[in-house]
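Positions are given from 1 along the sequence. Values below: all heavy atoms of this structure, side chains included; hydrogens, waters and symmetry mates excluded.
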Amino acid sequence: MFDITIKDVTFAYGANQVLNNLSLEIAAGDFVAMVGPNGAGKSTLLKMIAGLVRPDGGIVRVAGKEIVAACIAGKIGYVPQHYANNTAGFPATVEEIVALGLNSDGTKKVNRDGARHIVTHMLKLVGMEELRRRLVGELSGGQQQRVMVARALAANPGVLLLDEPTSGVDYDTGTKIYGLLGELNRNLGITIVAVSHDIEKVVRVASKVACINNGICFYGDSSEFRKNHASEPHFFSYQVK
């Protein structure tokens, strides 16, 4: 079970407290859209789940494990914001980029035939197998993002975290990327948490929505969010507490 438990988490950048006693439980297999105004702590919280940022207080666990142990066990895949842009000039092919995910924690060893099989499977999942020998810098932004998702999936994580996965891509490409994530969630049973300002698209495919504004201002089904919460004032402006 790859559930996520966040209890009484606080975090501040200097004097700016962005998370205040935040608690959240995400069930295994859920697709959670994490939304809210700029500066309200969404990306910080995602980095905490990924083990990249330590909370000032509180507890974060994945599948019952403390974050460091969960990361070592390969339970967490993370695609940061603009990650594809950072690899655009890297002289590597699509399949080479995806293969980097096989040993992302430095502990797993996969033989050549096994690695080739996993990379091929991941590229099929994201619809990029035919471009496997193309340089990643030759791809469109949407294609690069698909490659980054495949790379994160290569280690077979139970949880996939994405920070603004449609940033910098056009409307149709963004729709396709969220459609892909929805398929991965349904077909693989992988737990997905995606930070997004692209509310219209992400809410269509997510099963749950968590609105973050210093704390939790809403957490529930996406249909309930659209009906009762999407127009609330605190959804649009950052609250300082």
Side-chain angles (χ1 to χ4, degrees), residues 1-71 75-83 148-149 152 157-167 178 181 185 190-199 201-203 205-222 225 229-230 232 234-241:
M1 299 291 287
F2 295 99
D3 57 321
I4 301 169
T5 300
I6 301 162
K7 185 175 181 181
D8 298 329
V9 161
T10 60
F11 185 83
Y13 292 104
N16 179 26
Q17 186 166 5
V18 295
L19 296 173
N20 184 23
N21 293 321
L22 183 148
S23 295
L24 177 67
E25 291 190 355
I26 297 173
D30 271 353
F31 185 153
V32 176
M34 198 174 288
V35 303
N38 289 330
K42 304 183 300 299
S43 293
T44 298
L45 183 59
L46 198 74
K47 290 175 181 177
M48 284 184 187
I49 302 171
L52 300 175
V53 172
R54 285 184 174 273
D56 295 332
I59 297 170
V60 182
R61 291 192 178 97
V62 173
K65 295 180 179 290
E66 297 291 343
I67 288 301
V68 172
C71 290
K75 298 186 183 300
I76 302 169
Y78 175 58
V79 181
Q81 190 173 3
H82 302 308
Y83 187 77
M148 295 308 113
V149 171
V159 174
L160 179 61
L161 310 173
L162 306 105
D163 195 354
E164 298 289 356
T166 59
S167 177
Y178 279 120
L181 295 176
N185 173 249
I190 190 169
T191 304
I192 295 179
V193 183
V195 168
S196 181
H197 285 98
D198 204 344
I199 310 303
K201 297 186 187 70
V202 70
V203 170
V205 296
S207 56
K208 299 282 183 66
V209 177
C211 182
I212 310 296
N213 197 342
N214 195 265
I216 296 289
C217 53
F218 173 88
Y219 185 52
D221 292 340
S222 54
F225 172 81
H229 191 78
E232 290 291 323
H234 57 239
F235 178 60
F236 300 99
S237 59
Y238 174 47
Q239 294 178 333
V240 179
K241 295 183 180 180

Can you measure from CD1 (I212) to CG (L24) and round to the nearest 0.5 angstrom?
6.0 Å

Tell me, which pairs form a ring-ring contact (aromatic ring centres under 6.0 Å, His included) where one or both residues lie in residues 23-60, sequence neighbours left out?
none

Where A63 and K75 come nearest, the two heavy atoms and their spacing:
CB-CD, 3.9 Å

Under the ring pair (Phe, Tyr, Trp, His ring centres under 6.0 Å) test, which residues partner F11, sequence neighbours left out?
Y13

Extract all donor-acceptor atom pairs below 3.5 Å that involve side chains of residues 46-56 and protein atoms in other chains or at least two apart in sequence.
unit_1 : atom_1 : unit_2 : atom_2 : d
D56    : OD2    : A12    : N      : 2.8

Gap between atom SG of C211 and atom CZ of F225 - 0.5 Å precision
6.0 Å

Once rounded to the nearest 0.5 Å, what's the spacing between atom CG of L162 and atom CE of M34?
11.0 Å

Please report the interatomic distance CD1(I26) to CD1(I192), rounded to the nearest 0.5 Å.
11.5 Å

Check whether any side-chain heavy atom of V9 sits under 4.5 Å from a side-chain heavy atom of I59, and report yes or no.
no

Decide yes or no for K7 and L22: does some side-chain heavy atom of the first lie under 4.5 Å from some side-chain heavy atom of the second?
no

Under 3.5 Å, side-chain donor or acceptor atoms of residues 64-71 against the rest of the protein: list the pairs with distances, not counting sequence neighbours.
unit_1 : atom_1 : unit_2 : atom_2 : d
E66    : OE2    : R61    : NE     : 3.3
E66    : OE2    : R61    : NH2    : 3.4

Counterpart residues, side-chain hydrogen bond (donor to acceptor under 3.5 Å, both in side chains), relative to S222 (two or more places apart):
none

Residue pairs, two or more places apart or on separate chains, that pass salt bridge (Lys or Arg N to Asp or Glu O under 4.0 Å) and touch residues 15-33
D30-K208

Residues H197, V202; criterion side-chain contact (heavy atoms from CB on, under 4.5 Å); working and verdict
CA-CA 9 Å; H197 285 98; V202 70; over 6 Å; no

Is the closest side-chain heavy-atom distance between V79 and D163 below 4.5 Å?
no

Atom pair CG/CD1 of N185 and I190 - distance to nearest 0.5 Å:
8.5 Å

side-chain hydrogen bond (donor to acceptor under 3.5 Å, both in side chains) partners of D8, counting only residues at least two apart
S23

Quick one: salt bridge (Lys or Arg N to Asp or Glu O under 4.0 Å) pairs with a partner in residues 13-24, sequence neighbours left out?
none

Applying side-chain hydrogen bond (donor to acceptor under 3.5 Å, both in side chains), can you list everything that pairs with T10, at least two apart in sequence or on another chain?
none

Only counting residues at least two apart or in another chain, list the ones meeting side chain to side chain contact (heavy atoms under 4.5 Å, CB included) with D198.
T166, Y178, S196, K201

Spatial distance of atom CG (L45) from atom CD1 (I4) [nearest 0.5 Å]:
9.0 Å

Among residues at least two apart in sequence or on other chains, which ones pass side-chain hydrogen bond (donor to acceptor under 3.5 Å, both in side chains) with S207?
none

Would you name the heavy atoms of I216 and Y219 that are closest together and state the gap between them?
CG2-CB, 4.0 Å

From CA spacing to verdict: side-chain contact (heavy atoms from CB on, under 4.5 Å), D3, T191
CA-CA 8 Å; D3 57 321; T191 304; over 6 Å; no

Taking the side chain as C-beta and beyond, is there a heavy-atom pair between L181 and V205 under 4.5 Å?
no

Return yes if some donor-acceptor pair links the side-chain N/O of K42 with the main-chain N/O of P37 below 3.5 Å, else return no.
yes

Examine distances only and state if a side-chain atom of N213 and a backbone atom of G41 form a donor-acceptor pair shorter than 3.5 Å.
no

